[in-house]
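Written below as structure tokens is the structure these notes are about.
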Amino acid sequence: MLTTAPRGTKDILPQEIENWRYVEAVMRRICAQYGYKEIRTPVFEHTELFKRGIGDTTDVVEKEMYTFTDRGNRSITLRPENTASAVRAFCEHKLYAEPAPTKLYYIGPMFRYDRPQAGRYRQFHQFGIEALGVDTPAIDAEAILLAVTILKELGLKDLHLKINSVGCPKCRPQHRAKLQDYFRPHLEELCDDCKSRFERNPLRLLDCKVPHDHELAAGAPSLGDCLCEECREHFEGVKKLLTAAGIDFEVDNTLVRGLDYYTKTAFEIQYVPLGAQSAVCGGGRYDGLVKEIGGQDVSGIGFAMGMERILLALESQNLLPEHKDGIDAFIVCPNQDNFELAFKTAIALRQAGLKTEFDFMARSMKAQMKQAGRLNAKFAVIFGDGELERGTVTLKNMANSTQTEIPVDEIVTILQTEVQKYE
């Protein structure tokens with residue numbers, strides 16, 4: 001139907017947009033405190049970027065990407081996440097030439113073909129950060145602290161931080177072999193996806209959401225027992241700094257995240273009151289991603305938050321502020337012979353920075369005053385015949401119904417002064 005949005009998409013209506021602006025303002029303010037600057041990347045990229053960056057054995061690449069062939073016979077994909085795009089921009093524009101770390105943040109729409117549910121859409125919005133060029137535990141701890149700070153600033157208190165180390169190319173082969181030894185006797189019991197991943201990427205078996213496979217994965221060999229000395233020291237450093245910052249966390253050896261580019265630190269923040277769909281933030285380190293997509297061997301770490309999920313959490317806990325949407329002035333002009341002057345006055349008030357509306361349909365005085373009330377106008381400027389003969393208009397304070405006549409040529413100055421008293 002042409003009057004229905006596609007399944008898995010959602011209109012953000014004017015009465016909702018102030019909540020989005022509030023959340024985005026908190027995110028932008030805290031990012032500025034931490035030295036992160038905004039980046040905006042295209043909503044579509046060459047498909048190969050996501051295949052190489054995310055990993056061709058992930059659910060995102062295998063099942064969820066919106067991919068099409070454009071008129072130039074190129075394979076194009078609507079971005080399912082923004083880390084690969086940000087890293088591509090980092091390489092293309094030689095941001096690595098600037099002093100490290102390069103700190104970026106983004107807010108924008110992503111696209112995944114998934115089953116819609118509460119807080120999850122096929123076109124959804126993410127806020128995220130990327131920090132590139134530093135490989136010490138300090139940048140990992142800072143990224144996690146930034147995420148926790150934003151969520152707490154929004155008022156979310158029942159946060160549960162899970163962290164893990166997913167190792168590196170030096171220590172993963174040992175864990176891979178142990179995983180295959182563990183799952184091999186149960187291979188026929190696994191879902192088709194897990195059977196396919198058993199040889200290609202057994203680490204993905206730990207991320208399966210099928211109940212039987214998920215329960216089986218709980219007893220799988222821990223990657224923590226296979227970490228090389230470098231990864232172990234890095235993870236201990238992250239934990240030490242989080243403890244120093246007063247951040248509570250749980251080490252979850254089954255946490256691997258859903259994308260192949262993660263190395264060493266991986267983390268997830270859950271907001272417990274949301275129940276089954278409690279994850280509001282996830283991220284980790286991706287030391288091989290820049291090189292994988294053709295750049296230099298530069299380390300990186302980042303995270304993403306689902307905007308819809310966060311807004312759902314804030315709404316469920318009554319944590320969204322009350323927004324008073326109103327205008328400064330409504331021009332009431334019951335006699336259309338005076339409309340040209342009223343129209344010019346509206347233009348002057350807007351140019352002076354005042355939010356101003358007027359009646360378009362030549363309605364009665366009573367109807368125009370009702371409209372001023374509906375728009376929550378601070379003042380009504382009434383162009384009555386008698387007042388205009390005296391070179392004045394009536395200024396009515398809509399809050400207390402007091403009114404006075406003011407000179408037509410002083411409307412802008414007087415109204416600016418009166419509006420300031422409200423602030």
Looking only at heavy atoms, the pair that brings T67 and T77 closest together is OG1-OG1, 2.8 Å
Between K178 and Y182, is any pair of side-chain heavy atoms under 4.5 Å apart?
no
Could you check whether any side-chain N or O of K103 sits under 3.5 Å from a backbone N or O of Y34, counting only pairs where one atom can act as donor and the other as acceptor?
yes
Where S75 and T47 come nearest, the two heavy atoms and their spacing:
OG-OG1, 2.7 Å
Are E48 and K51 close enough for a salt bridge, meaning some N to O gap below 4.0 Å?
no
Over 12 non-hydrogen atoms of neighbours within 6.0 angstrom of CZ in R184
yes
As a quick check of understanding, evaluate side chain to side chain donor-acceptor pair (under 3.5 Å) for E130 and Y286, giving each step before the final call.
CA-CA 10 Å; E130 315 294 345; Y286 48 83; 2.6 Å; yes
Side chain of D11, backbone of L13: donor and acceptor closer than 3.5 Å?
no
Side-chain contact, heavy-atom cut-off 4.5 Å: V60 with R112?
yes
For the pair Y36 (side chain) and A131 (backbone), establish whether a donor and an acceptor sit closer than 3.5 Å, ignoring hydrogens and angles.
no
Give me the atom names and distance for the closest heavy-atom approach of L241 to A141.
CB-CB, 3.7 Å
Measure the shortest side-chain to side-chain distance between Q371 and D359 over non-hydrogen atoms and say whether it is less than 4.5 angstrom.
no
Please examine the side chains of M110 and P80, heavy atoms only from C-beta on, and report whether any two atoms are closer than 4.5 Å.
no
When rounded to the nearest 0.5 Å, the distance separating NZ of K195 from CZ of F183 is 14.0 Å
So among E16, Q123, E308, which one has a side chain to side chain contact (heavy atoms under 4.5 Å, CB included) with K10?
E16
Rounded at 0.5 Å granularity, tell me how far CG in L255 sits from OG1 in T265.
11.0 Å
Closer than 3.5 angstrom, by distance alone: can the side chain of T149 be matched with the main-chain N or O of L145 as a donor-acceptor pair?
yes
Indicate yes or no: at least one non-hydrogen side-chain atom of T345 is less than 4.5 angstrom from one of T356.
no
Whether over 12 other heavy atoms sit under 6.0 Å from H186 NE2:
yes
Neighbour count >12 (heavy atoms, 6.0 Å) for atom CG, D248
no
Is any side-chain heavy atom of F358 less than 4.5 Å from a side-chain heavy atom of V381?
no
The test is side-chain contact (heavy atoms from CB on, under 4.5 Å); show your working for D140 and H234 and say whether it passes.
CA-CA 10 Å; D140 300 31; H234 187 97; 2.8 Å; yes
Test side-chain contact (heavy atoms from CB on, under 4.5 Å) on L415 and F379; report intermediate values, then the result.
CA-CA 8 Å; L415 201 50; F379 294 92; 3.8 Å; yes
Sidechain-backbone polar pair: S85 side chain, T41 backbone, donor-acceptor under 3.5 Å:
no
To check you understand the geometry: which heavy-atom pair defines the closest contact between L319 and G155, and what is its length?
CD1-O, 3.4 Å
Using 30° and 60° as the class limits, which term best fits the ring planes of F127 and Y105: parallel, tilted or perpendicular?
tilted
Tell me whether Q296 contacts the main-chain N or O of V298 through its side chain, where contact means a donor paired with an acceptor under 3.5 Å.
no
Salt bridge between R21 and E24, side-chain N to carboxylate O under 4.0 Å?
no
So, the side chain of H175 versus the backbone of P221: is there a donor-acceptor pair under 3.5 Å, distance only?
yes
To the closest 0.5 Å, what do you measure between CZ (R28) and CD1 (I30)?
13.0 Å
Does a side-chain heavy-atom distance below 4.5 Å link D135 with R285?
yes
Check whether any side-chain heavy atom of Y121 sits under 4.5 Å from a side-chain heavy atom of T9, and report yes or no.
no
Under 4.0 Å between a Lys/Arg side-chain N and an Asp/Glu carboxylate O for R79 and E45?
no
How about CD on E315, more than 12 heavy atoms from neighbouring residues, nucleotides or ligands closer than 6.0 Å, or not?
no
Main chain of V166, side chain of N164: is a donor-acceptor contact present, judged purely on distance under 3.5 Å?
no
Hey, do the aromatic rings of F44 and F111 have their centres closer than 6.0 Å?
no
From CD (E292) to CG (L49), nearest 0.5 Å:
10.5 Å
Separation between CG (N19) and CG (L320), nearest 0.5 Å, reads 4.5 Å
Shortest non-hydrogen pair, A348 vs V412, comes out as CB-CG2, 3.9 Å
Pair E153 + R29: basic N to acidic O under 4.0 Å
yes
Determine, for D328 against K355, whether the closest basic-nitrogen to carboxylate-oxygen distance falls under 4.0 angstrom.
no
One thing to verify: whether R350 and E357 come together as a salt bridge, which I'm taking to mean a side-chain N less than 4.0 angstrom from a carboxylate O.
yes
Output the distance between atom CZ (R88) and atom CZ (F50), rounded to the nearest 0.5 Å.
8.5 Å
Carboxylate-amine/guanidinium proximity below 4.0 Å for E230 and K264
yes
Test F124 against D114 for side-chain contact (heavy atoms from CB on, under 4.5 Å), laying out the working first.
CA-CA 11 Å; F124 58 100; D114 202 354; over 6 Å; no
